Amino acid sequence: MMNDDSYNIGVGISYEISDVCDGKNVIITISHESDVSFDMEVGLLKNFKPYSFSVKQNNKYVSGNSFLINLQETNSEVVSCKLELKLDNCFDDDNLILWFLNKKTYKQNDLYGYRFVRLSDGSSDKVPDAANIIFENAEPDSNIALSLYATSVAQKDDKTTVDLVFDPKRLYDGDADISSENPNLKFDFLLLAIKDGELIPFETSYYMKGNISLLNSSKFQIVLDWKGNSGESVSLLLITYPYINYEGAEHLQKIIYNNSTHFTITI
């Protein structure tokens with residue numbers, strides 16, 4: 001029997017989106033190469049809250065909050081499948097994010113195995129206000145291999161305060177860190193907090209946003225509207241702004257887009 005730690009799974013996700021009279025149609029293409037079969041779950045966030053949608057199955061649309069897709073072993077070949085989604089009452093002024101969860105690689109209380117695909121930014125009157133992240137230059141810890149990590153966690157008055165460092169030199173394109181390719185590149189991102197599949201709000205907003213450079217490591221502080229008990233975990237996820245024209249994006253933009261950074265804190 002194969003050891004669960006020895007499998008090799010590669011997944012790529014692309015999409016085409018179009019308007020219909022009552023929402024959006026989305027064609028998802030999932031390309032994968034794997035030496036084991038595995039399940040992929042897909043769900044939707046509309047304006048940062050879970051939202052039901054429909055998937056076309058056997059020429060009929062079936063509605064639900066999430067759907068499970070079984071992807072088979074590919075015998076070292078890359079194979080693709082398509083999903084047709086219908087997002088009712090979803091328009092350009094909504095912030096729409098699809099999430100994909102590889103059930104084979106998912107680890108409890110961790111975001112490893114998640115992928116997020118942003119379909120639209122939304123307008124300010126439909127999307128909850130975001131708090132801006134204030135950055136300061138920081139010296140990264142050479143003993144930590146993660147690009148996003150916490151230096152302190154404190155709880156008080158039903159809030160959790162976390163000091164974080166983002167180190168772009170821990171983002172890799174193959175064996176090379178991406179900051180060496182274009183150190184002057186800046187990109188916008190959102191920061192979300194997730195616990196057990198639910199979004200956890202920050203002290204003043206549902207999400208935070210910022211603009212960061214690959215040139216320097218940065219430190220910043222967040223305050224969660226959440227106070228966990230001993231052993232509980234919450235995960236923080238940094239999602240880059242979408243490159244809607246993915247095929248036309250620069251190589252480095254694709255690397256950043258495909259490597260959403262996450263970190264899990266445990267109380």
Side-chain angles (χ1 to χ4, degrees), residues 45-50 92-99 111 114 116-141 146-171 178-179 182-195 198-228 234-244 249 252-253 255-265:
L45 296 176
K46 175 183 174 181
N47 298 329
F48 299 93
K49 296 181 180 179
D92 290 340
D93 55 354
D94 291 308
N95 191 304
L96 302 174
I97 301 175
L98 288 173
W99 57 263
L111 289 181
Y114 270 102
F116 292 80
V117 175
R118 300 201 49 186
L119 302 178
S120 64
D121 282 339
S123 63
S124 58
D125 61 337
K126 293 287 288 290
V127 179
D129 289 336
N132 290 319
I133 294 177
I134 300 174
F135 295 104
E136 297 178 20
N137 289 338
E139 288 295 327
D141 188 336
L146 301 173
S147 56
L148 181 69
Y149 59 91
T151 57
S152 70
V153 179
Q155 294 189 300
K156 183 180 179 180
D157 299 331
D158 295 326
K159 309 288 185 183
T160 300
T161 301
V162 186
D163 291 314
L164 292 158
V165 172
F166 176 69
D167 180 8
K169 291 186 180 296
R170 299 296 183 182
L171 295 174
I178 65 172
S179 64
N182 184 355
N184 296 316
L185 179 67
K186 293 185 177 181
F187 62 94
D188 296 319
F189 68 88
L190 301 183
L191 186 71
L192 304 180
I194 299 178
K195 173 177 166 52
E198 298 291 333
L199 291 179
I200 301 295
F202 295 91
E203 183 181 37
T204 58
S205 62
Y206 271 94
Y207 65 104
M208 303 187 76
K209 63 182 180 181
N211 177 275
I212 201 165
S213 169
L214 296 184
L215 186 60
N216 297 309
S217 296
S218 301
K219 62 181 179 180
F220 59 100
Q221 185 179 86
I222 62 169
V223 180
L224 295 169
D225 190 13
W226 171 82
K227 185 178 181 181
V234 62
S235 294
L236 304 170
L237 181 81
L238 186 155
I239 309 175
T240 59
Y241 270 99
Y243 298 104
I244 298 299
L252 192 53
Q253 291 174 325
I255 295 296
I256 295 172
Y257 181 85
N258 288 327
N259 286 275
S260 295
T261 301
H262 72 270
F263 176 75
T264 297
I265 57 173

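Every value quoted in this text rests on a predicted model; they were computed, and no experiment measured them.
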Looking at [X] and [Y], what are the two nearest heavy atoms and their distance?
{"X": "Ile133", "Y": "Phe189", "value": "CD1-CE1, 3.8 Å"}
{"X": "Ser218", "Y": "Ala138", "value": "C-CB, 3.9 Å"}
{"X": "Leu236", "Y": "Leu164", "value": "CD1-CD1, 3.8 Å"}
{"X": "Ala193", "Y": "Leu224", "value": "CB-CD2, 3.6 Å"}
{"X": "Asn137", "Y": "Lys219", "value": "O-CE, 3.8 Å"}

Check your understanding: Ignoring hydrogens and geometry, is there a side-chain-to-backbone donor-acceptor pair from Asn47 to Asn95 under 3.5 Å?
Key -> yes

Exercise for review: Please identify each residue that fulfils salt bridge (Lys or Arg N to Asp or Glu O under 4.0 Å) with Lys159, with sequence neighbours left out.
Suggested key: Asp225

In Å, rounded to the nearest 0.5 Å, how long is the span from [atom1] of [X] to [atom2] of [Y]?
{"X": "Asp167", "Y": "Ser217", "atom1": "CG", "atom2": "OG", "result": "3.5 Å"}
{"X": "Glu203", "Y": "Asp158", "atom1": "CD", "atom2": "CG", "result": "11.5 Å"}
{"X": "Asn216", "Y": "Glu139", "atom1": "CG", "atom2": "CD", "result": "9.0 Å"}
{"X": "Lys46", "Y": "Leu119", "atom1": "NZ", "atom2": "CG", "result": "13.0 Å"}

**Study point:** Residues forming a ring-ring contact (aromatic ring centres under 6.0 Å, His included) with Phe220, sequence neighbours excluded
**Key:** Phe135

Check your understanding: Any luck finding a side-chain donor-acceptor pair between Thr151 and Asp163 under 3.5 Å?
Key -> no

**Study point:** Any Tyr207 side-chain heavy atom under 4.5 Å of Leu191 side chain
**Key:** no

Practice item. Taking the side chain as every heavy atom from C-beta outward, state whether Tyr149 and Pro140 have any atom pair closer than 4.5 Å. Key: yes

Practice item. Tell me, please, which residues at least two apart from Gln155 pass side chain to side chain donor-acceptor pair (under 3.5 Å). Key: Thr160

Check your understanding: Are Val223 and Phe202 close enough, and set up right, to give a side chain to side chain contact (heavy atoms under 4.5 Å, CB included), and what steps lead you there?
Key -> CA-CA 6 Å; Val223 180; Phe202 295 91; over 6 Å; no

